[in-house]
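Worksheet for the structure shown next.
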Amino acid sequence: MDDLSLQKIQISGPTLASLLHRTSSSLGDVDGLLFGHITPLTTSPLTDDDPTTSDSPTLIATVTSFFTSISTTTFYSPSGHLNLPILLSLLPSHQTLIGWFSARRKTSLRPSMRETSFTASLSSQIQLSFPIANSLRSYTLSPSIFLLLTTPFTDQLIHTHEYKAYQYRFSSDLFESKTLDVVNIGPAFRGHYGNFTPTNSNFPLLPCQIRDSRNSSSTSMVEDRTETENLKNQKEIDLCAKGFEIRRLKGLIGSNAVNYTSELEDLYSKMLAKLDGLARLVEKSSARVLEQENHNLKLRYKFAGLE
């Protein structure tokens, strides 16, 4: 494997937004895998001076999707050792693993000893190496990108996030801080929005059932019962709405909205009147319940000989 330095790391706006939302909505600290590709930086060969050749190309890493684990230490041990069988089972066939991320709360923005140990173990795996796309020479890299996300130590009115990208160089056994470019909408970068595919957000499998002709009668009875219940529920909704079904509420949009304003206000006034009557009914019921409780209490005292 080659140990080439990256110039910067790119991530599209929707990918970063989805990653921040996933980490902020979790119950605790989480981590996951980063997928994407690494390509050489294309520069114009036209120059007035003699071109100088470089042994290593200028590389840019692009994060296109991610996988979020349920909790930490899903694919590694608490001491930071890689669990290769579990990691391989999480890798999709059409994605290239280029690194991983860790999301912590109210901690310092620097890699921990466990994160350093796991990144070193991850980047040393030859079976996880991948070639550089669109490269004139043959290079193979390891998943050495590490993205660290944290939250501020103190609670703020505006929810903020702090993140920093690193590349682990196994030749020096150190992290190198890298620039993280967030690619937003633009003529040259609209393709990033189509490349975003969250790997762990697949739709669940819908239950599929093969019907037997012998059970057709029972199935039709169930469907008729369901349709009857739906009609009953719809009639109750229509009764509460006083004729304002969905097809009539569509008239509230557009030029005909003025004609429905008075009717809708009348509907609201009737609904408020019903709520007021319901509130009075609840007050009367509560008074009766309190009166019955006092009567029961007097009977207990009487039978206990306390009166």
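All residue numbers refer to positions in the sequence shown, counting from 1. Because the structure is a prediction, the values reported are computed rather than measured.
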- Message: Could you check whether any side-chain N or O of S77 sits under 3.5 Å from a backbone N or O of H81, counting only pairs where one atom can act as donor and the other as acceptor?
- Response: yes
- Query: Which value, rounded to the nearest 0.5 Å, describes the distance between S12 atom OG and D181 atom CG?
  - Reply: 12.5 Å
- Task: Give a yes or no on whether Q127 atom CD has more than 12 heavy-atom contacts from other residues, nucleotides or ligands under 6.0 Å away.
- Result: yes
- Distance col, row L87:CG vs L122:CG, nearest 0.5 angstrom, shows 6.5 Å
- Task: Return yes if some donor-acceptor pair links the side-chain N/O of T151 with the main-chain N/O of K106 below 3.5 Å, else return no.
- Result: yes
- Task: Would you mind reporting whether I11 and L180 have side-chain heavy atoms less than 4.5 Å apart?
- Result: yes
- Query: Are W100 and L109 joined in one hydrophobic group, where the rule is that I, L, V, M, F, W and Y side chains link up if heavy atoms are under 4.5 Å apart?
  - Reply: yes
- Path from Y76 to F67 over hydrophobic side-chain contacts below 4.5 Å: yes
- Hey, can you tell me if F101 and F66 have their rings parallel, tilted or perpendicular (30° and 60° cut-offs)? perpendicular
- Return the minimal non-hydrogen interatomic distance between R110 and Y166, and the atom names on each side. CA-OH, 4.0 Å
- Mind running side chain to side chain contact (heavy atoms under 4.5 Å, CB included) on F35 and V63 for me, showing each step along the way? CA-CA 6 Å; F35 304 97; V63 180; over 6 Å; no
- Measure across T107 and T150 and return the closest heavy-atom pair with its distance rounded to 0.1 Å. OG1-CG2, 3.5 Å
- Message: I'd like to know if the side chain of S121 and the backbone of S117 have a donor-acceptor N/O pair within less than 3.5 Å.
- Response: no
- Item | Sub-4.5 Å side-chain heavy-atom contact between L6 and T58 | no
- Query: Is any side-chain heavy atom of D2 closer than 4.5 Å to a side-chain heavy atom of L141?
  - Reply: yes
- Query: Which atom names give the shortest non-hydrogen contact between S177 and K164, and what distance separates them?
  - Reply: OG-CE, 3.1 Å
- Mind listing the closest non-hydrogen atom pair of Y163 and L16 along with its distance? OH-CD2, 3.7 Å
- Item | Flag side-chain contact, heavy atom, 4.5 Å: K232 against T228 | no
- Message: Working note: Q125 + S142, criterion side chain to side chain contact (heavy atoms under 4.5 Å, CB included); need CA distance, chi angles, decisive distance, verdict.
- Response: CA-CA 7 Å; Q125 299 296 323; S142 61; over 6 Å; no
- Query: Between I132 and P40, what is the shortest heavy-atom contact and its length?
  - Reply: CG2-CD, 3.8 Å
- Would you kindly say whether S102 and D31 are connected by a side-chain donor-acceptor distance under 3.5 Å? no
- Message: Let me confirm one number: the NE2-OG1 distance from H37 to T62, rounded to the nearest 0.5 Å.
- Response: 4.0 Å
- Message: Using a strict threshold of under 4.0 Å (side-chain N to carboxylate O), is an ion pair present between R104 and E115?
- Response: yes
- Task: Show your reasoning for whether side chain to side chain contact (heavy atoms under 4.5 Å, CB included) applies to L82 and F118.
- Result: CA-CA 6 Å; L82 171 65; F118 172 71; 3.4 Å; yes
- Assess whether atom CG of L27 is packed by more than 12 heavy atoms of other residues, nucleotides or ligands within 6.0 Å. no
- To the nearest 0.5 Å, atom OG1 of T64 lies from atom CD1 of I98 at 7.0 Å
- Message: Do L4 and P57 make a side-chain contact, defined as non-hydrogen atoms from C-beta onward lying under 4.5 Å apart?
- Response: yes
- Task: Output the distance between atom OG1 (T23) and atom CG (D29), rounded to the nearest 0.5 Å.
- Result: 10.0 Å
- Using the side chain to side chain contact (heavy atoms under 4.5 Å, CB included) rule, take L59 and Q7 through it: C-alpha gap first, then chi angles, then the decisive distance, then the call. CA-CA 6 Å; L59 302 177; Q7 184 186 28; over 6 Å; no
- Between T15 and S18, does any side-chain donor sit less than 3.5 Å from a side-chain acceptor? no
- Query: Is the backbone N or O of S112 less than 3.5 Å from a side-chain atom of T116, with the two atoms forming a donor-acceptor pair by type?
  - Reply: yes
- Message: Checking side-chain polar atoms at under 3.5 Å, does S65 have a donor or acceptor matched by the opposite partner on Q95?
- Response: yes
- Message: Contact between Y139 and I38 at the side-chain level, heavy atoms closer than 4.5 Å - yes or no?
- Response: no
- Query: Any donor-acceptor pair under 3.5 Å linking the side chain of D276 with the backbone of L272?
  - Reply: no
- Task: Kindly indicate whether the side chain of F75, heavy atoms from C-beta on, has any atom under 4.5 Å from the side chain of L33.
- Result: yes
- Message: In terms of relative ring orientation, are F175 and F146 parallel, tilted or perpendicular, with 30° and 60° separating the classes?
- Response: tilted
- Query: Taking side chain as C-beta onward, heavy atoms only, is S172 less than 4.5 Å from R169?
  - Reply: yes
- CZ-NZ distance between R280 and K284, expressed to the nearest 0.5 angstrom: 8.0 Å
- Derivation and outcome, side-chain hydrogen bond (donor to acceptor under 3.5 Å, both in side chains), residues S5 and K178: CA-CA 10 Å; S5 177; K178 298 297 177 180; 3.0 Å; yes
- Message: Testing the basics here: between L148 and P111, what is the closest heavy-atom pair and its distance to 0.1 Å?
- Response: CD2-N, 3.9 Å
- Between S24 and L20, is there a donor-acceptor pair closer than 3.5 Å when you use the side chain of the first and the backbone of the second? yes
